[in-house]
Amino acid sequence: QVQLVESGGGLVQAGGSLRLSCAASGRAFSMYAMGWFRQAPGKEREFVAAISWSGDTQYYGDSVKGRFTISRDNTKNTMYLQMNSLKSEDTAFYYCAVVPRPYYSGVLGSLADFGSGGQGTQVTVSS
């Protein structure tokens, strides 16, 4: 079982950048597609981005396309989310999660694809 720890959140001005990290325990990290989702107060959880187990394919939610980049380093058991041109509406708690099917190769874009996430990290964008 893969355990996840997110980090890198913080307070940033609109237009700024942050890089989130998701460190995973266990040697099976490279077998699983992974993703990020977020939840703002009073709103439903939202899909942000996902990456295939190999790192070759990325998926993005419409609200972050062109601004966020997901990547992974399987040698470090870590996934990243580079967030640029941040907006106040990006303010949320960000979670990483694993697709609980090894070597899954289907399209990703639904929260239903993922297992439970880590503890999360807060991102606050001031306008």
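Just so you know, residue 1 is the first one in the sequence shown, and it goes up from there.
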Name every donor-acceptor pair, under 3.5 Å, that has one atom in a side chain of residues 120-127 and the other anywhere in the protein, sequence neighbours excluded.
| residue | atom | partner | partner atom | Å |
| --- | --- | --- | --- | --- |
| T121 | OG1 | G9 | N | 3.1 |
| Q122 | NE2 | A92 | O | 3.4 |
| Q122 | NE2 | T124 | OG1 | 3.4 |

- Message: Distance check, rounded to the nearest 0.5 Å: E46 atom CD versus E89 atom CD?
- Response: 10.0 Å
- The reported gap from CE in M34 to CG in D113 (rounded to nearest 0.5 angstrom) is 14.0 Å
- Message: Between T78 (side chain only) and K76 (backbone N and O only), is there a donor and an acceptor less than 3.5 Å apart?
- Response: yes
- Query: Any side-chain heavy-atom pair from S71 and M79 closer than 4.5 angstrom?
  - Reply: no
- Message: Between V5 and Q119, does the side-chain contact (heavy atoms from CB on, under 4.5 Å) criterion hold? Intermediate values first, please.
- Response: CA-CA 7 Å; V5 178; Q119 295 299 307; over 6 Å; no
- Query: Apart from Y80 itself, what residues make up its hydrophobic cluster, given side-chain heavy atom links below 4.5 Å?
  - Reply: none
- Item | Hydrophobic cluster of V99, others only, ordered by chain and residue number, side-chain cut-off 4.5 Å | F37, F47, Y59, F93, Y95, Y104, V107, L108, L111, F114
- Query: Looking at D90 and S85, what are the two nearest heavy atoms and their distance?
  - Reply: OD2-O, 4.4 Å
- Message: For a 4.5 angstrom cut-off between non-hydrogen side-chain atoms, does M83 reach Y94?
- Response: yes
- Query: Do W36 and I70 have side chains that get closer than 4.5 Å, going by heavy atoms?
  - Reply: yes
- Message: Quick check: closest heavy atoms across G115 and A97, and the distance to 0.1 Å?
- Response: O-CB, 3.5 Å
- In this structure, SG of C96 is separated from CG of L81 (nearest 0.5 Å) by 10.0 Å
- Query: Just checking, is any N or O donor in the side chain of S63 or R38 under 3.5 Å from an acceptor N or O on the other one?
  - Reply: yes
- Query: If you draw the axis of the six-membered ring of F29, does the NZ or CZ of R72 fall within 45° of it and under 6.0 Å from the ring centre?
  - Reply: yes
- Check step by step if side-chain contact (heavy atoms from CB on, under 4.5 Å) holds for T69 and Q58. CA-CA 8 Å; T69 302; Q58 300 83 38; over 6 Å; no
- Message: Between K65 and D62, does any side-chain N to carboxylate O distance fall below 4.0 Å?
- Response: yes
- Would you check, one step at a time, whether the test side-chain contact (heavy atoms from CB on, under 4.5 Å) holds for S17 with Q82? CA-CA 7 Å; S17 299; Q82 178 66 44; 3.9 Å; yes
- Query: Hey, would you say the W53 and Y103 ring centroids sit under 6.0 Å apart?
  - Reply: yes
- Is there side-chain contact between R67 and K87, with heavy atoms separated by less than 4.5 Å? yes
- Any side-chain heavy-atom pair from E6 and S21 closer than 4.5 angstrom? no
